[in-house]
Amino acid sequence: MELNDGNLRSLTEYLEKTLSPDPAVRRPAEKSLESVEGNQNYPILLLTVLEKSQEDVIRVCSAVTFKNYIKRNWRIIEDEPNKISDADRTAIKANIVNLMLTSPEQIQKQLSDAISIIGREDFPLKWPDLLTEMVTRFQSGDFHIINGILRTAHSLFKRYRHEFKSNELWSEIKLVLDTFAQPLTELFKATIDLCQTHATDVNALKVLFSSLILISKLFYSLNFQDLPEFFEDNMETWMTHFHNLLTLDNQLLQSDDEEEAGLLELLKSQICDNAALYAQKYDEEFQPYLPRFVTAIWNLLVTTGQEVKYDLLVSNAIQFLASVCERPHYKNLFEDQNILTSICEKVIVPNMEFRTADEEAFEDNSEEYIIRDLEGSDIDTRRRAACDLVRGLCKFFEGPVTSIFSGYVNSMLTEYAKNPGVNWKHKDAAIYLVTSLASKAQTQKHGITQANELVNLSEFFANHILVDLKSPNVNEFPVLKADAIKYVMTFRSQLPKEQLLEAVPLLVSHLQAESIVQHTYAAHALERLFTMRGANNSTLISPAEIAPFKEQLLNNLFKALAIPGSSENEYIMKAIMRSFSLLQEAIVSYIANLIGQLTHKLLLVSKNPSKPHFNHYLFESLCLSIRITCKANPNTVNDFEEALFPVFTEILQNDVQEFVPYVFQVMSLLLEIHTDSIPSTYMALFPHLLQPVLWERTGNIPPLVRLLQAYLEKGASAIASSAADKIPGLLGVFQKLIASKANDHQGFYLLNSIVEHMPPDSITQYRKQIFILLFQRLQSSKTTKFVKSFLVFINLFSVKYGAIALQEVFDSIQPKMFGMVVEKIVIPEVQKVSGPVEKKICAVGIIKVLTECPAMMDTEYTKLWTPLLQALIGLFELPEDDSIPDDEHFIDIEDTPGYQTAFSQLAFAGKKEHDPFGDSVSNPKILLAQSLHKLSTACPGRVLSMLSTSLPPEALQYLQGYLQAAAVQLV
């Protein structure tokens with residue numbers, strides 16, 4: 001693409017169309033941009049539009065498009081074409097920092113993100129001057145530019161907070177500190193001086209405090225991995241200013257908004273985080289500063305109001321106290337009973353109250369409320385922080401804290417009992433307090449796994465929780481009902497089974513509640529209870545125990561999807577999946593009705609897939625329906641195809657990218673169930689599955705390979721007779737996959753199925769070319785994964801076509817190649833093969849080579865016979881060799897960047913491991929003994945003499961054992 005006015009105009013027109021609300025205008029424009037993004041100069045054109053367009057909306061659109069383009073394409077993936085030319089990469093890096101700094105804030109943020117994406121891949125090795133270019137701009141004195149630099153640095157360095165330690169990381173952080181720490185400290189001091197100079201200028205203060213927030217975030221990132229020497233030497237400067245800022249109260253920076261945190265609150269929140277980091281990780285060095293921070297943060301807590309805008313500040317301040325009270329160093333600060341009472345009274349109890357803002361979120365923003373409350377992303381809420389502080393205090397003061405709180409819990413429950421209609425919030429706080437007091441350790445899978453023994457959970461359930469669950473009006477006091485359901489869910493591993501069984505039918509009735517939070521919690525609680533394990537690893541709650549109300553369970557779950565606000569509720573869909581899984585054949589009589597509802601739902605969500613988890617559980621539920629029903633009656637597979645294929649056709653025709661991999665998995669499951677020949681509907685689709693465009697998307701590869709394997713298993717003869725012209729296409733797919741380190745194993749899955757199922761004469765003409773391709777890949781890029789797959793393939797070939805055919809195909813490529821492969825690959829590497837079926841294939845294949853290949857007995861290959869036998873005995877008896885060379889780092893398919901749908905494996909569409917031998921070879925050791933016996937009968941004396949002269953005694957001993965077990969002798 002040339003950099004000319006015509007291209008700039010057409011790019012601007014396409015960008016404008018991508019903003020259209022009309023999908024008929026928007027989608028073609030998006031497709032057009034996608035089709036040209038591989039062209040050279042495309043990103044430079046985008047940046048030129050961004051710089052020169054007169055319309056702000058086009059500039060912002062260009063910035064967002066550019067950032068997403070960088071996100072999808074910047075990373076260079078091994079074995080895949082470089083999607084951005086080197087010239088474009090160099091031009092982008094040369095211009096983007098300056099462009100970012102001279103752009104308005106909205107665009108600056110997008111370009112800053114793009115710089116951090118590029119930096120993640122290229123900094124420091126391929127972009128060594130990035131930091132110096134940034135640091136020199138600190139001298140500009142223009143805080144629009146300085147904040148742009150700080151924002152970019154923050155997005156670049158914040159990954160240091162969660163990266164694993166490594167030498168590369170240390171050397172990168174050292175480089176950053178050497179270049180950045182001193183200028184950052186000077187900027188920090190200068191900015192604080194400017195705050196005093198401009199103390200009465202509100203606009204100047206807003207810009208300066210934005211800088212201080214970013215500087216404080218950078219401080220956190222640069223200090224997270226370890227305490228850098230520079231910051232240790234300058235701790236006095238940083239901590240003194242941090243402490244002064246914590247105690248600062250400038251009326252000009254107070255925000256009038258009750259919801260939105262102001263700059264002062266955001267800065268103090270970050271300083272609390274920084275202090276907590278030092279208190280936790282560098283307590284010795286931080287000791288001199290700790291008392292003044294504890295005092296300042298305590299004063300903050302007791303003087304800050306209940307408004308939502310202070311939530312982040314209060315929760316970070318409480319988290320600071322929580323991190324301090326857990327450290328043995330600081331235990332003495334909390335030992336006094338009066339201090340504990342004061343913390344409970346002034347900090348914990350007030351911050352556990354259910355406020356009007358929480359009530360509004362519960363009713364009007366239920367999705368956000370559920371994410372915060374259920375999934376633990378409420379890390380920044382007051383309640384979660386107060387709960388963590390209770391847990392921290394209980395570490396050293398469990399007895400006193402429990403007794404102080406028991407008093408509060410009893411008084412709250414007493415208040416509630418006086419007038420439940422008015423005082424229900426007291427009971428809510430009491431339940432929350434009991435939960436935080438009782439919870440010591442918790443996992444997603446089991447709920448609370450360790451509880452405070454001073455709290456009787458079962459008694460509290462019977463006296464205070466059951467009454468809300470049993471309430472005949474499920475829509476009364478929804479918050480308390482949600483609390484009660486959450487209590488069951490949280491303490492499911494602690495409560496006796498009788499109480500859980502008592503709760504199940506009550507939870508089923510709460511699925512009908514109008515409150516989204518309430519029926520979502522009920523669905524989630526049921527799903528968690530159904531996954532619990534009892535004795536013998538069976539489910540704790542058996543299908544028989546659910547049987548009396550299974551109909552009500554299924555009805556209420558599907559009805560809940562019809563409640564406004566829950567049409568795509570992932571918790572309900574997950575509960576449907578789990579109910580199917582638990583009830584198994586008990587659902588067969590309901591499936592005819594339910595499958596219609598599931599396919600209707602699938603049709604609706606495929607128009608605009610927006611909830612990935614919901615969609616995943618929907619497909620899992622479909623798979624379970626198919627599996628369970630077809631297990632009871634395999635003929636019903638046709639009914640499922642009838643119901644599902646119209647929707648699947650629409651998904652494939654409209655190219656709904658998120659759903660295509662799922663459709664292939666469900667189709668594989670259906671096709672694998674067929675017992676007779678392959679239906680014509682599938683054969684009509686077969687040519688389309690080989691289209692290269694489908695294989696471009698990494699998420700399609702595993703399900704497509706599996707689907708092709710199902711085609712080969714069920715219809716190899718049909719393909720050979722009526723679609724022989726498609727065999728080159730099939731092998732073309734294999735060739736593409738084998739060239740990629742990430743997907744070569746998928747290529748072997750396909751190749752193994754071709755060898756196992758296709759009629760031999762249909763692929764005879766392609767055999768030699770297949771082997772040549774494999775050798776080329778071995779020479780260009782030999783990895784452990786490839787070698788293991790290669791060994792399984794050649795041994796499967798040996799079993800299927802005979803050892804002589806294997807030897808001949810090798811030697812036809814190059815004389816004596818068979819011997820080289822046996823000596824250089826099979827003997828040294830076979831110990832690395834893993835998996836029982838894979839080992840069995842290798843064992844049987846090697847047995848064939850040892851006993852059915854005359855060249856191994858009568859040519860120069862004979863010298864390899866005993867070492868190969870020894871390698872086989874090693875495969876049987878020695879532990880697997882799982883060592884991998886240091887330089888092999890595989891890219892997982894799921895790691896590939898960008899918007900492409902990653903492959904999500906459907907658990908209930910899982911493919912059974914396929915053993916090509918079935919029962920014909922139950923024990924390869926016995927097969928070896930029998931085959932050697934047969935060989936020795938044909939060549940008397942030869943086998944025994946080769947064994948006695950060169951097989952080590954230990955291997956010989958194992959071999960004697962196999963011969964005895966098979967009741968045969970060698971002659």
Side-chain angles (χ1 to χ4, degrees), residues 337 340-341 343-345 348-349 351-354 373 383-384 386-418 420 423-443 445-471 477 479-507 510 521-522 524-526 528-529 532-534 540-541:
Q337 180 83 9
L340 285 175
T341 306
I343 290 174
C344 295
E345 191 179 309
I348 292 169
V349 172
N351 286 300
M352 283 203 176
E353 284 173 12
F354 195 76
D373 190 47
R383 279 191 145 186
R384 170 57 63 95
C387 186
D388 288 347
L389 180 53
V390 173
R391 224 173 269 175
L393 289 169
C394 283
K395 188 168 178 182
F396 294 119
F397 313 106
E398 190 170 60
V401 169
T402 305
S403 84
I404 293 167
F405 277 139
S406 298
Y408 279 109
V409 170
N410 290 333
S411 69
M412 287 169 177
L413 291 170
T414 308
E415 281 301 306
Y416 166 74
K418 285 179 190 170
N423 297 340
W424 61 267
K425 287 185 183 179
H426 288 280
K427 183 170 183 181
D428 168 80
I431 294 172
Y432 208 91
L433 206 44
V434 168
T435 304
S436 59
L437 201 56
S439 313
K440 276 184 161 181
Q442 173 170 14
T443 67
K445 189 174 178 185
H446 302 292
I448 295 299
T449 53
Q450 205 184 342
N452 179 340
E453 287 165 13
L454 304 173
V455 182
N456 189 329
L457 294 168
S458 183
E459 191 179 288
F460 193 82
F461 173 83
N463 295 341
H464 303 288
I465 298 294
L466 208 50
V467 61
D468 286 321
L469 291 177
K470 283 183 168 174
S471 159
F477 302 128
V479 175
L480 288 184
K481 301 257 194 328
D483 287 342
I485 296 166
K486 191 178 173 192
Y487 184 93
V488 175
M489 189 163 47
T490 305
F491 295 112
R492 61 187 180 275
S493 294
Q494 254 58 45
L495 295 171
K497 183 177 174 181
E498 302 71 58
Q499 288 187 328
L500 297 179
L501 283 174
E502 191 177 2
V504 168
L506 304 173
L507 293 171
H510 284 278
Y521 280 21
H524 189 49
L526 286 164
R528 294 285 81 195
L529 292 178
M532 291 179 74
R533 296 280 156 190
L540 179 71
I541 297 173

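For reference, positions follow the sequence shown, starting with 1. Source: prediction; values computed, not measured.
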**OP:** Go through the steps for Leu540 and Leu500 under the test side chain to side chain contact (heavy atoms under 4.5 Å, CB included), then give the verdict.
**Re:** CA-CA 10 Å; Leu540 179 71; Leu500 297 179; 4.0 Å; yes
**OP:** May I have the step-by-step check of side chain to side chain contact (heavy atoms under 4.5 Å, CB included) for Met532 and Ile541, ending in yes or no?
**Re:** CA-CA 7 Å; Met532 291 179 74; Ile541 297 173; over 6 Å; no
Original post:
Please walk me through it: do Leu506 and Leu466 pass side chain to side chain contact (heavy atoms under 4.5 Å, CB included)?
Top reply: CA-CA 9 Å; Leu506 304 173; Leu466 208 50; 4.0 Å; yes
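The side chain to side chain donor-acceptor pair (under 3.5 Å) check on Ser406 picks up nothing, with sequence neighbours excluded. Residues meeting the side chain to side chain donor-acceptor pair (under 3.5 Å) test with Lys395, sequence neighbours left out: none. Considering only residues two or more places apart in sequence or on other chains, Glu459 meets the side chain to side chain donor-acceptor pair (under 3.5 Å) condition with Asn456.
Put simply, CZ on Phe405 and CE on Met352 are 6.0 Å apart, with the number rounded to the nearest 0.5 Å. Rounding to the nearest 0.5 Å gives a distance of 15.5 Å between CH2 of Trp424 and CD of Glu415. Taking CG of Leu437 as the reference point, atom OG1 of Thr402 lies at 4.5 Å (rounded to 0.5 Å).
Ring centroid separation for the pair Phe354 and Tyr432 does not come in under the 6.0 Å cut-off.
Between Asp468 and Lys427 there is a salt bridge, with a side-chain nitrogen of the basic residue lying less than 4.0 Å from a carboxylate oxygen of the acidic one.
Aromatic ring orientation, Tyr487 versus Phe461: parallel (interplanar angle below 30°, classes split at 30° and 60°).
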